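These notes are about the structure you will find just below.
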Amino acid sequence: MPSKSVPEPQLIFEKSRSGRIGCNLPASDTPEVDLKAVLGDLRENLDLPEIAELDLLRHYTNLSHLNYGIETGFYPLGSCTMKYNPKVNEQTAAMPGFAKLHPMQPAETIPGALELLLGVQDMLVAITGFDEITLQPVAGAHGEMTCLMLIKAYHESRNDAERTIVLVPDSAHGTNPASAARCGYDVKSISTNAEGNTDLDVLKKVLSEIGPKVAALMLTNPSTLGLFEPNISEICEMIHAVGGQVFCDGANMNAMVGTTRPGDHGFDCMHLNLHKTFSTPHGGGGPGCGAIGLKSHLAPFQPVPVIRRDNGPIIADYNRPNTIGKVAGFYGQFLMEVRAYTYLRAFGKEKIADISRHAVLNANYVRARIKEVLTPAHDRPCMHEVVVTAEKYKKENGVRALDISKRLIDYGFHPPTNYFPLIVPECLMIEPTETESKEMLDEFCDALISICNEAEENPDLLHNAPTTQIVGRLDETAAVKNLDVRWRRPN
Ligand SMILES: Cc1ncc(COP(=O)(O)O)c(C=O)c1O
């Protein structure tokens, strides 16, 4: 049941009392300088809080408890793969031999770091089935964009530059059309059929009309509906037949790692989110890694430096005549690669498939437990996430998916993703990930079932939620249009 509400915390400035001090400075061993004479009333001008050590400690400890994170609770944010990032990743990333490297050190002085980068590349080649991997892009969207830049360079290299259109299914993540537009392409949407698959009839028709103008298709697999696209090979063949390239949005690789390889499905390139599937931290815009996999015909265009073995030693190769250039500073997010390397080696070849098996099992368990109260968008097993609709509650009780999500906060859970993908009305997208126990999944499902009962019996409980937090229902439009997070000292 919902826990009681949290009192609104005071700011450190409000706790300040003149003359209180929280640190004990050692006696000065240099001549004293009269700062006041030089800088004036420094302390008054700076307006620093004055607070005792214990009060300071409690202040920040209590503030940290207001944060919700994977280490405090279940985080079923669909499409984001909020899995636990094992602590051993942090330990290796903090090793001075990695953490203290300077990005401008000559490559000959960092053979260990290059070996680690090559190790990640090799493991990702084995997992994805692509010929080459580059670790340069620093986010999933950046990986998408880099793939499209490579596709463009490939078409141009063949004097086939009249291709101006990128096809994107209507279930795609918003970054797909954005990446295409950023690369100067026009975007054409391809609809999804009633079964949740790319509509082949629509695709055929589009290709018969504009085939020679199509530069690429961006296909997410499993799709953002949490479904495995059964016609990938056929789709790839259709696009290749008109001279286009096929990009795989691999943000959902957590459903497939170790069990099937996009490189074998017919794709020409893909991006991976190391900050999802391979357990490096994410959120708040990074730092991430949108590693990309390439078939050999796209590899000559990849960004520099290319980390590769050169008859023995590993080199950072800048001498690549067809490269698109650089897409990130230095080698990309090096310490993310250290974390991903640690994670991959901890599983090893033998156990890597446990990741996807357990992720898919957990999502299907949630699906089965809640399907009587929240209807799955499609009537077939899901992959690593389940998309359900709350439309019935909207029609019958005036309760929306958003209200259910806000009420989940009162039950102590982070809400799932809402209203994405756009093609499912009143949708909730739940991605439990493989790191959650059955007990935790049961607690979450029990909460959802209880909330759906509340929706029928007392919809206002949901309309007014959350009521257990320091702030209630926020005006999200005002928060976006009129964001004001600055505190001003009252006069
Ligand atoms: C399906 C899909 N594609 C692409 C992305 C973009 O990844 P990033 O947030 O790392 O840019 C996301 C992110 O959530 C995603 O869910």
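As the structure is a computational prediction, the values presented were derived from the model and not from experiment. One-based numbering, in listed order, for ligands and for the atoms of each. Reckoned from all heavy atoms, side chains included, excluding hydrogens, waters and symmetry mates.
- Under a 4.0 Å heavy-atom criterion, His142 is not in contact with ligand 1.
- Proximity to His275 (heavy-atom distance under 4.0 Å) selects the following atoms of ligand 1: 10 (O).
- No close placement of the Phe330 and Phe334 rings is indicated, their centers lying 6.0 Å or farther apart.
- Within the listing of ligand 1, atoms 4 (C), 5 (C), 6 (C) sit less than 4.0 angstrom from a heavy atom of Thr175.
- Between Leu428 and Thr417, every side-chain heavy-atom pair lies at or beyond the 4.5 Å cut-off.
- Scanning the protein for heavy atoms near atom 3 (N) of ligand 1, the closest one is Asp249 OD2, 2.6 Å.
- The atoms of ligand 1 that sit less than 4.0 Å from any heavy atom of Lys276 are 12 (C), 13 (C), 14 (O), 15 (C), 16 (O).
- Remark: Glu209 CD is packed, more than 12 non-hydrogen atoms of other residues, nucleotides or ligands lying under 6.0 Å away.
- For atom 7 (O) of ligand 1, the closest non-hydrogen atom on the protein side is Asn273 ND2, 3.1 Å.
- Under the 30°/60° scheme for interplanar angles, the aromatic rings of His414 and Tyr68 are found to be tilted.
- Looking at atom 8 (P) of ligand 1, its nearest protein heavy atom turns out to be Gly140 N, 3.5 Å.
- Taking atom 16 (O) of ligand 1 as the reference point, the nearest protein heavy-atom neighbour is Ser79 OG, 2.5 Å.
- A salt bridge is absent between Asp354 and Lys351; no separation between the charged side-chain nitrogens and carboxylate oxygens falls under 4.0 Å.
- Because its NZ or CZ atom is not both nearer than 6.0 Å to the ring centre of Phe301 and within 45° of the ring axis, Lys152 does not count as a cation-pi partner of that residue.
- Within a 6.0 Å sphere centred on CG of Asp475, other residues, nucleotides and ligands contribute more than 12 heavy atoms.
- Residue Ala251 holds the heavy atom nearest to atom 1 (C) of ligand 1 of all those in Ala251, Ser223, Ala172, Gly78.
- For ligand 1, the atoms closer than 4.0 angstrom to any heavy atom of Ala141 are 6 (C), 7 (O), 8 (P), 11 (O).
- The only member of Glu385, Lys83, Lys276 that meets side-chain hydrogen bond (donor to acceptor under 3.5 Å, both in side chains) when paired with Asn254 is Lys83.
- Looking only at heavy atoms of the protein, atom 4 (C) of ligand 1 is closest to Glu144 OE2, 3.1 Å.
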